[in-house]
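The block underneath contains the structure these notes are about, expressed in structure tokens.
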Amino acid sequence: MRINKYIASSGLCSRRKAEEYIEKGLVTINGKTAILSSTVEENDVVLLDGKLIEQNKEEIVLLFNKPKGITCTTEHKVKDNIIDYINYPERIFPIGRLDKDSTGIILLTNNGDLVNECLRVENGHEKEYVVRVDKQITENFLNKMANGVKIYNPVNDKYVTTLPCTVNQMGKNHFNIILKQGYNRQIRRMCSKLDYHVISLKRIRFMHLNLDVEEGKYRLLNEEEIAKLHI
């Protein structure tokens, strides 16, 4: 198994974060400094900054209904972070994110490799939202949202056009949107580009999972639900 995947599947961190540790020279395999192309065999001893990395025996995934004001970060120093709020007895971290002002479904897991599987754009996994904006929705607005909006992506310092998506009006200033990608604050930035301001944003579905717990509460996924996340 590739070293980055091995670390991620241990539940310590995501695969991307594992690669950062490897590039900093903090990971060793049987006493030798690992590189990104290193692989791990059965009975190998893998250390991160001198501490043993062990594989999780049981995969855990939580479905959480995030309240407004909670930040999706594992950094305990950040006020109102999602990890301290849930206070789960094992190490977990969020799959993707919902911005601080948004609410609804977000998954957390102890399997860092699952993060990549769920969020990879080419897998086309759907995320569904209900959005309320500050003024009346027009047909022009719906068409532009559905066909793609050019927004700035700070990750690579470039402008990108969002992928076509499904958008349906629900009321005078409410609409439903289904995305298959997830730029940071994407819906808010799409609306802003079209001169609309988001008043509230709630994610009601992630892939095959619907929001089915009260705000601020979570439940554990069963084996069948977890298996579908890996498809």
Side-chain angles (χ1 to χ4, degrees), residues 61-74 78-86 93-108 115 118-119 121 123-155 159-219 221 225 229:
V61 184
L62 279 63
L63 186 159
F64 177 55
N65 186 349
K66 189 188 89 66
K68 185 176 180 179
I70 300 301
T71 302
C72 293
T73 179
T74 57
V78 176
K79 184 181 178 182
D80 297 323
N81 70 81
I82 193 170
I83 302 301
D84 287 344
Y85 183 92
I86 294 176
F93 39 88
I95 297 177
R97 68 183 66 187
L98 275 175
D99 65 66
K100 187 174 182 178
D101 294 328
S102 299
T103 64
I105 185 172
I106 185 164
L107 305 183
L108 299 98
V115 177
C118 290
L119 300 181
V121 174
N123 287 341
H125 293 147
E126 292 186 346
K127 291 165 286 186
E128 184 173 357
Y129 305 79
V130 174
V131 186
R132 182 165 67 93
V133 290
D134 61 338
K135 57 186 179 182
Q136 186 167 347
I137 293 169
T138 65
E139 195 67 31
N140 181 55
F141 170 81
L142 295 173
N143 288 335
K144 287 184 175 180
M145 289 288 287
N147 291 321
V149 179
K150 193 173 184 179
I151 60 174
Y152 175 69
N153 181 19
V155 175
Y159 281 89
V160 295
T161 300
T162 59
L163 294 176
C165 59
T166 302
V167 185
N168 291 297
Q169 187 167 355
M170 301 175 65
K172 180 180 177 180
N173 63 341
H174 283 74
F175 67 94
N176 173 285
I177 182 168
I178 300 174
L179 300 179
K180 292 184 179 180
Q181 63 183 153
Y183 290 115
N184 186 32
R185 299 176 66 86
Q186 178 173 334
I187 296 173
R188 295 179 185 276
R189 290 158 62 198
M190 291 170 71
C191 289
S192 178
K193 191 73 174 182
L194 301 177
D195 200 28
Y196 282 75
H197 176 70
V198 171
I199 302 299
S200 66
L201 190 155
K202 184 174 187 176
R203 183 155 67 193
I204 60 172
R205 179 169 63 88
F206 186 95
M207 295 174 62
H208 58 286
L209 298 165
N210 293 308
L211 186 60
D212 57 6
V213 294
E214 295 179 9
E215 187 171 286
K217 304 294 185 181
Y218 70 84
R219 70 172 179 86
L221 299 191
E225 290 173 321
L229 291 173

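Residue numbers run from 1 in the order of the sequence given. Every heavy atom of this structure was used, including side-chain atoms; hydrogens, water molecules and symmetry mates were not.
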Kindly give the heavy-atom pair with the smallest separation between [X] and [Y], and that separation in Å.
X    : Y    : result
K135 : N173 : O-CB, 3.4 Å
G171 : I137 : O-CD1, 4.3 Å
P94  : I83  : CD-CD1, 4.4 Å
I106 : L98  : CD1-N, 3.9 Å
Q136 : Y196 : O-OH, 2.9 Å
H125 : C118 : ND1-O, 3.0 Å

Is a side-chain N or O of [X] found less than 3.5 angstrom from the main chain of [Y], in a donor-acceptor match?
X    : Y    : value
Y218 : K66  : no
K217 : N65  : no
T103 : K68  : no
N81  : T74  : no
H197 : D134 : no
K127 : Q181 : yes
R203 : I105 : yes
H174 : V130 : no

Original post:
Is D195 atom CG crowded by more than 12 heavy atoms from other residues, nucleotides or ligands, each under 6.0 Å away?
Top reply: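 No, not enclosed.
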Original post:
Is the number of heavy atoms from other residues, nucleotides or ligands under 6.0 Å of R205 CZ greater than 12?
Top reply: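 Atom CZ in R205 is packed in, count exceeds 12.
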Original post:
Do K100 and D80 sit within salt-bridge range, that is, some charged N less than 4.0 Å from a carboxylate O?
Top reply: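 D80 and K100: not salt-bridged.
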Note, [X] side chain near [Y] side chain (heavy atom, < 4.5 Å):
X    : Y    : answer
I204 : N176 : yes
L211 : K202 : yes
L108 : I95  : no
N184 : R97  : yes
V61  : E225 : no
D101 : R188 : yes

Measure the spacing between [atom1] of [X] and [atom2] of [Y] and express it to the nearest 0.5 Å.
X    : Y    : atom1 : atom2 : answer
I187 : I177 : CD1   : CD1   : 5.0 Å
Q186 : N153 : CD    : CG    : 9.5 Å
T73  : K79  : OG1   : NZ    : 15.5 Å
I82  : I86  : CD1   : CD1   : 4.5 Å

Original post:
Under the side-chain contact (heavy atoms from CB on, under 4.5 Å) criterion, do H208 and L229 qualify, and how do the steps go?
Top reply: CA-CA 8 Å; H208 58 286; L229 291 173; 3.6 Å; yes
**OP:** In sequence, state the C-alpha distance, the side-chain angles, and the governing distance for D212 and L63, and then conclude on side-chain contact (heavy atoms from CB on, under 4.5 Å).
**Re:** CA-CA 9 Å; D212 57 6; L63 186 159; 3.9 Å; yes
**OP:** Take R185 and S102 through the side-chain contact (heavy atoms from CB on, under 4.5 Å) test and state the conclusion after the steps.
**Re:** CA-CA 9 Å; R185 299 176 66 86; S102 299; over 6 Å; no
Original post:
Under 30°, 30 to 60°, or over 60°: which ring-plane class applies to F141 and F175, parallel, tilted or perpendicular?
Top reply: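 Taking F175 first and then F141, their aromatic rings stand perpendicular (interplane angle over 60°).
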